[in-house]
Amino acid sequence: MTAPFTPYDPGGSVKNKKPRSQRFKKVPVRVILPNVVTLLALCAGLTAIRMAFEARWEFAMGLIILAAVLDGLDGRVARLLKGTSRFGAELDSLADFVNFGVAPAIILYAWMLEEASSLGWIAAMIFAICGALRLARFNVALDEDKPKWASKFFTGVPAPAGALTVLLPLYVERLGVPHWEELAMPIGLYTLLVGCLMVSQIPTFSGKQVGNRISREWVLPLFVVFVALVALLVSFPFETMTFFTVSYLVSIPFAYRSYRKHLKADEQESEADQEV
């Protein structure tokens with residue numbers, strides 16, 4: 001009579017054992033590097049939260065800017081090295097929620113919104129929630145079929161741009177505006193406005209296609225522009241960030257107008273095809 005269960009074998013039978021090479025697969029370095037950049041961005045965002053607790057606002061804002069720069073690099077590094085992965089995409093989304101949703105909300109609350117008591121916390125919390133919803137919608141939209149021109153636009157304000165934009169009141173204060181506690185409520189409303197822009201359907205310009213293909217004659221001028229921007233950001237950080245933030249807000253109506261033009265052109269082309 002045979003036993004109903006297989007006898008216990010602590011070492012396992014030889015035929016059931018998987019070769020060591022199959023159990024521990026080697027991971028290419030090109031897949032690891034983009035994730036390292038993402039983790040560095042996450043470290044910057046978490047450290048920005050610490051700087052907010054210590055009231056070191058300049059360092060907190062600088063770390064959010066650094067996280068945004070690293071966030072723009074990790075995807076490009078992954079595509080350049082052909083190291084994109086599902087794990088990297090999920091890690092990037094989680095890091096973005098901390099860096100551009102939670103961290104800016106805590107910075108604003110510790111800096112000013114605390115003066116508005118519970119209403120200030122509600123504004124900070126809604127901004128963070130809007131960041132999470134924005135990222136979730138972005139991940140879902142990756143599988144949608146869109147016309148080629150749609151890659152020039154984002155739906156709503158992207159999370160990194162939202163984080164840098166919502167910190168505009170801190171930039172302005174660093175320029176010499178007094179710290180008035182009476183401004184807590186208006187700043188809370190501004191925080192809610194930026195959060196609503198993040199989850200809105202308003203099209204905004206995308207920089208995804210910038211830098212993919214550059215004409216040879218533009219290479220040297222772009223180097224000069226890049227060095228000048230870095231120099232301005234290092235020498236006049238708050239003036240530069242204020243200028244870029246205001247310019248970005250002003251660009252939103254123009255992005256909407258450009259999006260509508262492309263949409264109208266598609267509709268006219270579709271009507272022409274139907275008539276033929």
Side-chain angles (χ1 to χ4, degrees), residues 31-81 83-85 87-113 124-125 127-132 134-136 138-139 154 157-171 173-174 191 194-195 198 207-208 210-211 226-227 229-245 248:
V31 177
I32 298 176
L33 285 178
N35 296 327
V36 171
V37 177
T38 302
L39 290 175
L40 290 175
L42 180 58
C43 292
L46 292 172
T47 307
I49 296 175
R50 176 194 168 183
M51 295 296 104
F53 290 151
E54 298 177 0
R56 300 165 71 179
W57 312 118
E58 290 84 356
F59 288 101
M61 288 182 285
L63 288 167
I64 296 296
I65 296 171
L66 176 61
V69 172
L70 293 174
D71 178 69
L73 288 177
D74 61 0
R76 291 181 180 271
V77 171
R79 289 189 292 271
L80 181 65
L81 300 178
T84 56
S85 64
F87 174 83
E90 296 296 334
L91 178 63
D92 184 65
S93 292
L94 293 172
D96 286 353
F97 172 59
V98 175
N99 297 339
F100 310 126
V102 176
I106 291 178
I107 291 172
L108 285 171
Y109 182 77
W111 169 67
M112 176 68 78
L113 296 182
M125 183 172 57
F127 175 83
I129 292 173
C130 288
R134 172 69 180 81
L135 292 167
F138 176 79
N139 292 338
F154 283 124
V157 174
L164 297 177
T165 301
V166 81
L167 295 178
L168 177 61
L170 277 90
Y171 308 149
E173 185 184 79
R174 298 298 106 177
T191 303
V194 177
M198 292 169 67
K208 282 186 174 182
V210 176
F226 177 77
V227 172
L229 289 177
V230 173
L232 286 172
L233 190 60
V234 173
S235 303
F236 309 98
F238 304 113
E239 292 86 348
T240 304
M241 290 306 303
T242 300
F243 173 78
F244 281 121
T245 302
Y248 180 77

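No experiment lies behind these values; they were computed from the predicted model shown.
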Checklist entry - Do side-chain atoms of Tyr248 reach the backbone of Gly162 as a donor and acceptor pair under 3.5 angstrom? => result no

Item to check | Over all atoms of both residues, closest heavy-atom pair of Tyr171 and Leu164 | outcome: OH-O, 3.0 Å

Item to check | Nearest heavy-atom neighbours spanning Asn99 and Gly45 | outcome: OD1-CA, 3.2 Å

Item to check | Point-to-point distance, once rounded to the nearest 0.5 Å, from CZ of Arg50 to CZ of Arg56 | outcome: 6.5 Å

Item to check | N/O donor-acceptor pair under 3.5 Å between Asp74 side chain and Asp92 backbone | outcome: no

Checklist entry - Hey, does the side chain of Arg134 reach the backbone of Val157 with a donor-acceptor pair shorter than 3.5 angstrom? => result yes

Checklist entry - Looking at CG of Leu229 and CZ of Phe244, how far apart are the two atoms once the value is rounded to the nearest 0.5 Å? => result 4.5 Å

Checklist entry - Do Glu173 and Trp57 have side-chain N/O donor and acceptor atoms under 3.5 Å apart? => result no

Next on the checklist: Measuring from atom CE of Met241 to atom CG of Leu170, what distance do you get when rounded to the nearest 0.5 angstrom?
Outcome noted: 11.5 Å

Item to check | Distance (rounded to the nearest 0.5 Å) between Met125 CE and Leu113 CG | outcome: 12.0 Å

Next on the checklist: For a quick test of reading the model, state the closest non-hydrogen atom pair linking Ala128 to Phe97 and the distance between them.
Outcome noted: O-CE1, 3.4 Å

Checklist outcome for this item: In terms of heavy-atom contacts, Pro104 and Ala163 come closest through CG-CB, 3.6 Å

Which donor-acceptor pairs under 3.5 Å do the side chains of residues 64-71 make with protein atoms, sequence neighbours left out?
none

Item to check | Taking every non-hydrogen atom, the tightest pair across Ala159 and Phe100 | outcome: O-CB, 3.4 Å

Checklist entry - Taking atom CG of Leu39 and atom CG of Leu91, what is their separation to the nearest 0.5 Å? => result 5.0 Å

Checklist outcome for this item: Heavy atoms of Leu233 and Thr240 approach each other most closely as N-OG1, 3.9 Å

Checklist entry - From Glu90 CD over to Asn139 CG, what is the distance, rounded to the nearest 0.5 angstrom? => result 6.5 Å

